[in-house]
Each structure stands twice: as structure tokens, then as C-alpha cells.
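Excluded from the calculations below are hydrogen atoms, water molecules and symmetry mates; all remaining heavy atoms, backbone and side chain alike, are included.
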Amino acid sequence: MEGPVSDRPSAPTALPQRVTIREVGPRDGLQSERPLPVEVRARLISALSRTGLPKVEAVSFVSPKKVPAMAGAAEVWRLVERNPGVRYSALVPNRKGAEAALEVGGFDYLSVFIAASDGYSLHNVGKPVAESLRDVGEAVALALEAGLPVDAAVSTSFGDPFEGDVPPEQVLDLVARLLDLGISSVSLADTTGMATPTRVWELVGRFRARFPGVPLNLHFHDTRGTAMANVLAAMQVGVDDFDASIGGLGGSPFAPGAGGNVATEDLVHMLMDMGVETGVARLEALLEVAAFLREQVGHELRSQVSRAGPRWWRAAGEGRS
């Protein structure tokens, strides 16, 4: 099998030698799909746990009425074959969600989420940002009391589909308030694919200047075809932690026109060829999980590598190589 080439010319900008990928397919990837059986979702998480990915966002303790595809989170989690080398998280919206996650137990950390803008916040959780922050604060306090660290995902960090551009300082002011609550890491989310490389450079640069040392993850959607370019742009300014979803599935059910996430297999494929470590030794392991997922959701996936195959594969047949 052809793999990454070590004697290529170096990139014009120094890139991280290793990138951490948090797999969000079981949560973000499935939340807008028709509900899958609990057993199937557990099998998906278990399979992803064997691929070498270091982090998996396994379930979401949200209202099953609002997000039917995430119902049965506790049952799913109990069925998962966990890998001790993987850090697992659960997404929680408020105190009730945190209580449910802590009751079932076994997570390495919890993730809370909040929008940077009122437009999306009102559509997503039915509250403006200020009220949503109170809910998040209660969840964070409960998790910290139980000894679990908390990551905060800031939706619409690069733009709101209802309001348009979101000023970077507005995003960073919200991050400051989240840090005051006790969160230990931040994920800036491009909820509907409004980011471009220059916007990534600007927001990441301002984030690093204002919050040096705070762990940063980026979460890109490919609504407008810029997600992979945004990943590379972020790597050029030192970001080494990204979300990705197997098959490229995903998108908020409360955001019109939301596209899928960066596909895990596409991202790993690119990084492998660039010589950047991800923990995934065999891309084929991810492709096998993607094939299983395609059967379960009953439609084609967004991933390009799942369709075309890795660059080192060769087409069969006379005259083709």
C-alpha cells in the first residue's frame, strides 16, 4: 500500500506533526438522520473506538422530543464496547442533561454548547444567549462537582444563518464568560459552513492572543465546500485539534441548509499523505465503518474518499491504473 511520502518539499508554513481528531459522527453525524436503533448506534461507537481515533463524542443527553435521533442515550452508552485508549464525551445542554450523563457515568468529560449569537440560539434552544448561559453554567457546575472536566462548544462562531456575520470579539467575550464558569477547553464551531481561511486566521489569532494556553478545537461544516481548506488554514496557525464525522454526516436540524461535517476518512486520508500523525494506522478501518454506516442510514455518504477510494488504490480493468 502506498502511504505518505517523507521526502516531499516542506510546506511553506510549519504544520503540527500530530493532529487530534474528535469523532462526532455518533452525535452530530446522526442527529439529523432518521433515528437508528440503540444497538446500531452502540455498534457504530464501538467500531469507531477500534480505529485509533483518540476521542469520540458518543451520545447527547438532549430532549428526545426535539432531537428524536438522540433518544436512548443511556441505553446506547451501556452497550458500547469501550476502548481504554479512547476519551469519550457526552453532549449536555443543561443541568438535566448533565444529571442524566452523570447518572449513567463512565464519560471522561462532558461537553456543553452555546451559540455566539441570539438568532441561532433562539432557533436551537428557544432562548437568547444570556439565558442559555445560565443553563450552561448549571451543567458545568454539576460536572465540576462530580470531578469531570467540561469542554464548551461555541456554535455560530464564524457566522449565524439568521443574523449573518458574528463579530470575533462577540465570540471571544462569550468564551471569557465560559472560562469564568470553569470550562477547561473550547471548541469554535462553524455551524453552517460560513468560515473561510481568512476568517479562520483572524478568529484563531485573536483567540490565541486573548486566551494563551487554553486548549482549542475547531469544528467545521462543509456547507459551502470550504471545510478542508479551513482545516489546513487552522493548521497553518497552529491548531492541532479538530472535530470530524464519519462519512461526512451531520448538521444541525435547527439551521436551514446546514451541510455535513468534515468527513473523518477524508481528513485522515489527507493528513496521512502529509505525514501528519492522527493515531489511525489503517485508513481502511475507517472506510469499513463508513460502509457499515451507509447501510444503516440507507443513503450515500458525503465523504469523497468513501466514494473514490484512497489515492493509493488503483482502478481495476484493462487500460486503467
Ring centroid separation H219 to F242 under 6.0 Å: no
Would you tell me whether D135 and N94 have side-chain atoms, one donor and one acceptor, within less than 3.5 Å of each other? no
F158 vs F220 aromatic rings, parallel, tilted or perpendicular, using cut-offs 30° and 60°? tilted
Is a salt bridge present between E81 and R50, judged by a nitrogen-to-oxygen distance below 4.0 Å? yes
Hphob cluster co-occupancy, V200 + V19, side-chain heavy atoms under 4.5 angstrom: yes
G105 backbone acceptor or donor facing W77 side chain under 3.5 Å: yes
Checking side-chain polar atoms at under 3.5 Å, does S49 have a donor or acceptor matched by the opposite partner on Y88? yes
Give the cluster check for L15 versus V204: same hydrophobic cluster or not, with ILVMFWY residues linked at side-chain heavy-atom distances below 4.5 Å. yes
Not counting sequence neighbours, list each pair that qualifies as a side-chain hydrogen bond (donor to acceptor under 3.5 Å, both in side chains) and has a residue in residues 155-164. S117-T156, S117-D160
Side chains of D243 and N261, donor plus acceptor under 3.5 Å: no
Should K55 and D108 count as an ion pair when the cut-off is N to O under 4.0 Å? no
E277: what forms a salt bridge (Lys or Arg N to Asp or Glu O under 4.0 Å) with it, not counting sequence neighbours? none
Are the side chains of L232 and M274 in contact, using a 4.5 Å heavy-atom criterion? yes
Quick one: salt bridge (Lys or Arg N to Asp or Glu O under 4.0 Å) pairs with a partner in residues 23-41, sequence neighbours left out? R27-E57
Exercise: do D266 and S303 side chains pair donor with acceptor under 3.5 Å: yes
Any sub-3.5 Å donor-acceptor pair from R224's side-chain atoms to G193's backbone N or O? yes
